[in-house]
Structure formats: structure tokens, C-alpha cells
Visitor: 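Pasting a structure here, questions to come.
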Amino acid sequence: MSGFETKVKFLERMTQSGAVFAGESLVIYDRVLLKLPEFKTWLKKFRNTYPVTAGENLKELKKFPQHFENIAKLLAGGSRDLRIIAVGGGSVTDFAGFFASTYKRGVKLVLVPSTWLCAIDSAHGGKNALNAGNHKNSLGTFYFPEKILIVKSLLMSQSQERLQEVYGELLKIALISGKNLAKGIFVGKKKSLSLWKLLPVAIEAKYEIVKQDPFEKKGVRQVLNLGHTLGHVIEKERKLAHGLAVGQGIIFASRWSEKKGLLKTSDRRKIESLIRAVQGTKKVKPLRRAALLKGLNGDKKMNSGKINFVFLRGPGKVFANLVSVNEVADEAIKQGWAK
Ligand SMILES: NC(=O)c1ccc[n+]([C@@H]2O[C@H](COP(=O)([O-])OP(=O)(O)OC[C@H]3O[C@@H](n4cnc5c(N)ncnc54)[C@H](O)[C@@H]3O)[C@@H](O)[C@H]2O)c1
């Protein structure tokens, strides 16, 4: 068993979360959620709550001591038998996960994702991270939550734009697992409803990979990086949403795989047209070579000038291979992502 069945619960509304929250707890939540009457009512059940402003600033290492002081004051006199409940997107669950894993050497953790991206990806896999200045996600721990509650009403409260962003991650997991998630993306006009229906399959596919290598010792999880090598650089340099940047990164990886004779042209075309259909056809302004190299060199998965780049042979046939940073940069320039 991958842990998926026991850990991940799908709920219609926050009010159904009930018994999971018995005992001493602290809710760390994204303050934007206060706009939701249902969330506000639910929050009133808790004595200890800590609102945060989501975003990379929340994960900034320099800010952590002040948050720690604030939270320690709130919890003064409490025991180690504490449960941190994090409600928010990936920045909130990363922050709260890091806090839970280090506070008194580790307390219980429950994650309640409020963004599609977090529901499909960040909340699963046991990773959390803070940013140390320019070094994004470079300080963190592996720390598995006891439960992840995926609440429909929270996710449905997001805008259509956020929906569009998450398709990069959805397509990533579809390509890695070979599961036919792509077909469902276009079901009906109510895209958010179709995504809700796809979530269990997409999340379980991630658990299947994580369970083979929970602490990233064997390299199995490297495939989850599909589309992220160039994606991260585009995200940072062009201030593009994570999921949109990953979509572009998958196009890059597909074209490179095709050139190497690994991926059939028809499959590459299918992948590109899917990404363009859900994420739009707007081209990303080419990066400067220096910015591209700086971004690639800042990749935390880089080792002695080499990166484990994820190539595709087809859906369900994805693998990582060591390539030099210069090879990635040269290919990106050939494909027009940089000049
Ligand atoms: N730990 C992991 O495995 C992992 C994996 C992928 C990404 N991440 C991290 O996740 C973060 C990005 O994820 P994200 O986009 O979910 O993060 P986020 O927490 O920054 O949320 C993005 C925005 O959505 C808003 N928001 C949250 N819920 C909302 C709702 N229901 N309605 C309206 N607005 C809402 C937030 O206030 C914020 O402005 C990054 O910090 C990234 O490093 C972590």
C-alpha cells in the first residue's frame, strides 16, 4: 500500500473534518481564506490559530525566528502532544511542515491544501522547505503528515486562472504514470469539477512513485522533476506561475526527447497541443543566456555541473539522465527559449 488510502481524505466541506482535530492543536492558515464564511466558522472551533500571508516571503529563512517567537508564545505551557493543522497553498504547507518537523523535535501534522497545486502536488511526498535568500527550497526536511484533507469547497473557491496553472502538474503526473488523465481534462465546460474528479487518480500516481523512494535515496523520485529544470528558470526569470512554467518545461523536454530519437513526433505533438489547449499559446520571451545559466546553476538538484534531466519515451516511459548544464543551455538556445 502506498499510504494514499489511509492518509488522503476527500471531503465536500470543512465541517466534515471533525474527529481528525481532537486534542491540542494549532491552525496555521492563509489569511485570504477568511473571505470564505465556511472557513471562518470552522476556524472558530480552535483556540490556537496563526494567520499568515502566503507567498515566498513566508518561507524566507530570515523571517522564521520571528514566526517561531510568535507561535511559541501562543503555545506557551502546551505539551509536545500537539498537532499543527496547515490550511493554505504550497507556501503555507511548506512553512507549517517545516515548523511541525522542528518544533520540539517534531509534532503531528495535518495538511489541508487550499490551492489545486498544493492539492495535487505539494501536500504529498513529505517534503517541506524554506528559502534562504536566493536559494529556493534549500532548507527543509522530509516529514510526512498524518493526514491530508482535500476539501472540495476550499479548492472550488479559487479563480479559473489558478485552474489553468495546475494543468502543468497534472499533465506531468499523467505522463510519468502513463495514466490517461489528459482525456478527463476536457470533460465538460466545468473544468474545476472535472479536475476534482481527476484528483484521486493523479494523487495516487504520485504516492506510487514516492513510496518506492520516500527519502529520495535511490533517485526514483527524480522523474517527478519532469518539466522543472527549465520550468524553474522560466518561473523565476519571467515571473510565470509555477504550473504554467512547468507546462513550458515539459514542451522543452518533449522536443529534446524527440530530437534524441526517444519520443515519437506524434506523441510530442499531442503533448504540445494539450499544453497549449489548456494553458494558452502565448510564447515566453526568450531568456538571456547568462540568466539561463545562472538559473540552471542554481538548481538544487545540480551535482558537479550536471543535472538529472528528465526525458520521455512516451506516456508512462519517463527517465532521468545526467546531462551537463551547458548541454541543457545549448538545447534551450537551439529551441529558442534563450539567446
Ligand atoms: N513541498 C513540496 O513538495 C512542494 C512541491 C511543489 C511546490 N511547492 C511550493 O508551493 C509553493 C507554490 O504553491 P501554491 O501556488 O499553492 O502557493 P501559495 O501558498 O503561494 O498560494 C498562491 C496564492 O493563492 C492564494 N490562495 C490560496 N488558497 C486560495 C483560495 N482557496 N482561494 C483564493 N486564493 C487562494 C494565496 O494567498 C497566494 O496568493 C511554492 O512555495 C513551492 O516552492 C512545494
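We're numbering straight along the sequence, starting at 1. As the structure lists them, so they are numbered: ligands from 1, and atoms in each ligand from 1.
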Visitor: Between His228, Lys127, Arg162, Arg31, which one has a non-hydrogen atom sitting closest to atom 24 (O) of ligand 1?
Guide: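 Checking each option, the heavy atom nearest atom 24 (O) of ligand 1 is found in Arg162.
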Visitor: Compile the donor-acceptor pairs under 3.5 Å between side chains in residues 68-78 and protein atoms, sequence neighbours left out, one pair per line.
Guide:
residue	atom	partner	partner atom	Å
Asn70	OD1	Gln66	NE2	3.0
Asn70	ND2	Tyr50	OH	3.0
Asn70	ND2	Gln66	O	3.4

Visitor: Can an N or O of Gln158 be found at a distance shorter than 3.5 Å from an N or O of ligand 1?
Guide: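 Not met; the criterion fails.
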Visitor: Which one holds for Asp94 and ligand 1: side chain close, backbone close, both close, or neither close, with close meaning a heavy atom under 4.0 Å?
Guide: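 Contact part for Asp94 vs ligand 1: side chain (C-beta onward).
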Visitor: Quiz question: by atom type and distance under 3.5 Å, do the side chains of Thr93 and Asn128 form a donor-acceptor pair?
Guide: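 No.
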Visitor: Is it the side chain (CB and beyond), the backbone, both or neither of Thr53 that lies under 4.0 Å from ligand 1, heavy atoms counted?
Guide: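 Contact part for Thr53 vs ligand 1: neither.
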Visitor: Hey, can you tell me if Trp196 and Phe10 have their rings parallel, tilted or perpendicular (30° and 60° cut-offs)?
Guide: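 Trp196 vs Phe10 ring planes: perpendicular.
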Visitor: Less than 4.0 Å between a side-chain N and a carboxylate O, is that true for Glu272 and Arg269?
Guide: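 Result for this pair is no, no salt bridge flagged.
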Visitor: Below the 3.5 angstrom mark, is there an N/O of His242, backbone or side chain, next to an N/O of ligand 1?
Guide: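 Min N/O separation from ligand 1 is not below 3.5 Å for His242.
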Visitor: When you measure from the heavy atoms of Thr93 to every atom of ligand 1, does any distance fall below 4.0 Å?
Guide: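 Outside the 4.0 Å threshold, so no.
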Visitor: Does any N or O atom in Lys59 lie less than 3.5 angstrom from one in ligand 1, N or O only?
Guide: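 Yes, there is a polar N/O contact under 3.5 Å.
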Visitor: Within less than 4.0 angstrom of ligand 1, does Gly55 place any heavy atom?
Guide: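 Under 4.0 Å: yes for Gly55.
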Visitor: Check each of Val87, Leu11, Leu154 against Leu149 using the side chain to side chain contact (heavy atoms under 4.5 Å, CB included) test, and report the only one that passes.
Guide: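 When Val87, Leu11, Leu154 are each tested with Leu149, the side chain to side chain contact (heavy atoms under 4.5 Å, CB included) holds only for Leu11.
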Visitor: Below 3.5 Å, N or O to N or O, backbone or side chain included: is there any such pair between Gly90 and ligand 1?
Guide: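 Yes.
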Visitor: Is there a side chain to side chain donor-acceptor pair (under 3.5 Å) between Ser17 and Trp42? Walk through the geometry before answering.
Guide: CA-CA 9 Å; Ser17 54; Trp42 173 83; 3.0 Å; yes
Visitor: If I apply the N/O under 3.5 Å rule, does Ser114 come out as touching ligand 1?
Guide: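 Between Ser114 and ligand 1 (N or O atoms, distance only) the closest approach is under 3.5 Å.
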Visitor: Polar contacts were defined as any N/O atom of the residue lying under 3.5 Å from an N/O atom of the ligand; does this apply to Asp30 and ligand 1?
Guide: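 Indeed, backbone or side chain, Asp30 has an N or O that close.
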Visitor: Specify side chain, backbone, both or neither for Glu169, according to which of its non-hydrogen atoms lie closer than 4.0 Å to ligand 1.
Guide: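 Neither part.
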Visitor: At under 4.0 Å between heavy atoms, which part of Leu154 makes contact with ligand 1: side chain, backbone, both or neither?
Guide: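 Within the 4.0 Å criterion, Leu154 contacts ligand 1 through backbone atoms alone.
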Visitor: Taking only residues two or more places apart in sequence, or in another chain, which ones meet Lys7 in a salt bridge (Lys or Arg N to Asp or Glu O under 4.0 Å)?
Guide: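 Partners of Lys7 by the salt bridge (Lys or Arg N to Asp or Glu O under 4.0 Å) criterion come out as none, since no residue qualifies.
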Visitor: Measuring from non-hydrogen atoms of Ser157 to any atom of ligand 1, is the shortest distance under 4.0 Å?
Guide: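 Ser157 counts as a contact of ligand 1 under the 4.0 Å cut-off.
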